[in-house]
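Just the heavy atoms: all of them, side chains too, but no hydrogens, waters or symmetry mates, feed the values below.
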Amino acid sequence: IKKMTDLVAVWEVALSDGVHKIEFEHGTTSGKRVVYVDGKEEIRKEWMFKLVGRETFTVGASKTKAAINIDAVSGFAYEYTLEINGKSLKKHMENRLKTTNTWILTLGGTDYRVVLEKDTMDVWCNGQKMETAGEFVEDGTETHFSLGDHSCYIKAVSSGKRKEGIIHTLIVDDREIPEAVE
């Protein structure tokens with residue numbers, strides 16, 4: 001096991017294909033920069049004369065653009081900020097709350113993380129984009145898919161209020177699953 005002596009920042013980033021861990025090592029004497037995504041080394045630069053700057057890389061199955069900004073705060077103190085798709089991590093997370101729904105459930109001893117991307121109606125489960133079938137029903141739409149031998153669908157119904165928009169509900173084996181907050 002390698003020892004991360006220069007580990008300066010760790011972030012958890014929720015994307016449709018899962019929650020990814022980003023770790024950053026910064027050697028302020030050598031200028032070394034190492035970026036790990038889910039424990040896998042993505043970038044390694046051993047000798048950098050410029051201690052400030054930016055490292056760009058991708059995260060997850062959909063190759064989401066990410067960047068770490070290295071800024072000098074004072075003297076030998078540095079600040080590290082993570083951007084996802086050009087937005088601060090905070091903005092990215094706020095945006096995800098608006099554009100996705102996430103459900104976490106256990107079926108037959110297996111944990112599932114189901115994510116609906118509202119703009120495309122794509123459904124992701126444990127890192128895989130699911131095969132789905134859409135169907136119009138009396139009060140909205142249903143997007144059908146299966147998890148193992150369990151039949152599932154996400155029901156989209158208008159809230160009747162413009163501010164709230166459409167309400168999405170995950171139904172598994174005729175049971176409603178509460179939405180998770182990540």
Quick one: do Thr99 and Lys118 satisfy side chain to side chain contact (heavy atoms under 4.5 Å, CB included)? Show the steps, please. CA-CA 5 Å; Thr99 60; Lys118 295 185 210 177; 5.6 Å; no
Under 3.5 Å, is there a donor-acceptor pair between the [X] and [Y] side chains?
X: Arg54; Y: Asn69; result: yes
X: Tyr80; Y: His26; result: yes
X: Thr106; Y: Asp111; result: yes
X: His92; Y: Glu94; result: no
X: Glu117; Y: Ser16; result: yes
X: Glu135; Y: His144; result: yes

Using the rule side chain to side chain contact (heavy atoms under 4.5 Å, CB included), only one of Leu105, Val172, Ile104 pairs with Tyr112; which is it? Leu105
Treat each ILVMFWY residue as a node, draw an edge where side-chain heavy atoms are under 4.5 Å apart, and state whether [X] and [Y] are in one component.
X: Leu51; Y: Leu82; value: yes
X: Val19; Y: Trp103; value: no
X: Val137; Y: Ile154; value: no
X: Phe145; Y: Leu107; value: yes
X: Leu97; Y: Val114; value: no

For Lys32, which residues count as a side-chain contact (heavy atoms from CB on, under 4.5 Å) partner, sequence neighbours excluded? Asp6, Glu25, Ser30, Val34, Arg44, Glu46
Go through the steps to decide whether Arg96 and Val115 satisfy the test side chain to side chain contact (heavy atoms under 4.5 Å, CB included), and finish with yes or no. CA-CA 10 Å; Arg96 272 196 71 77; Val115 177; 3.6 Å; yes
For Val35 and Glu23: C-alpha separation, side-chain torsions, deciding distance, then whether side chain to side chain contact (heavy atoms under 4.5 Å, CB included) applies. CA-CA 6 Å; Val35 176; Glu23 297 165 291; over 6 Å; no
In Å and rounded to the nearest 0.5 Å, what is the [atom1] to [atom2] distance from [X] to [Y]?
X: Gln128; Y: Asn126; atom1: CD; atom2: CG; value: 8.5 Å
X: Ile84; Y: Asn95; atom1: CD1; atom2: CG; value: 12.0 Å
X: Lys65; Y: Thr58; atom1: NZ; atom2: OG1; value: 8.5 Å
X: Ile177; Y: Thr169; atom1: CD1; atom2: OG1; value: 11.0 Å

Is there side-chain contact between Cys152 and Ile171, with at least one heavy-atom pair below 4.5 Å? no
Side-chain heavy atoms of Tyr36 within contact of Ile43, under 4.5 Å: no
Charged N to carboxylate O below 4.0 Å: is that the case for Lys21 and Asp38? no
For the pair Lys155 and Glu142, find out whether any cationic side-chain nitrogen is under 4.0 Å from an anionic carboxylate oxygen. yes
Residues passing the salt bridge (charged side-chain N to carboxylate O under 4.0 Å, His left out) test with Lys63, sequence neighbours excluded, are none
With a sphere of 6.0 Å drawn around CG of Asp174, does it hold more than 12 non-hydrogen atoms of other residues, nucleotides or ligands? no
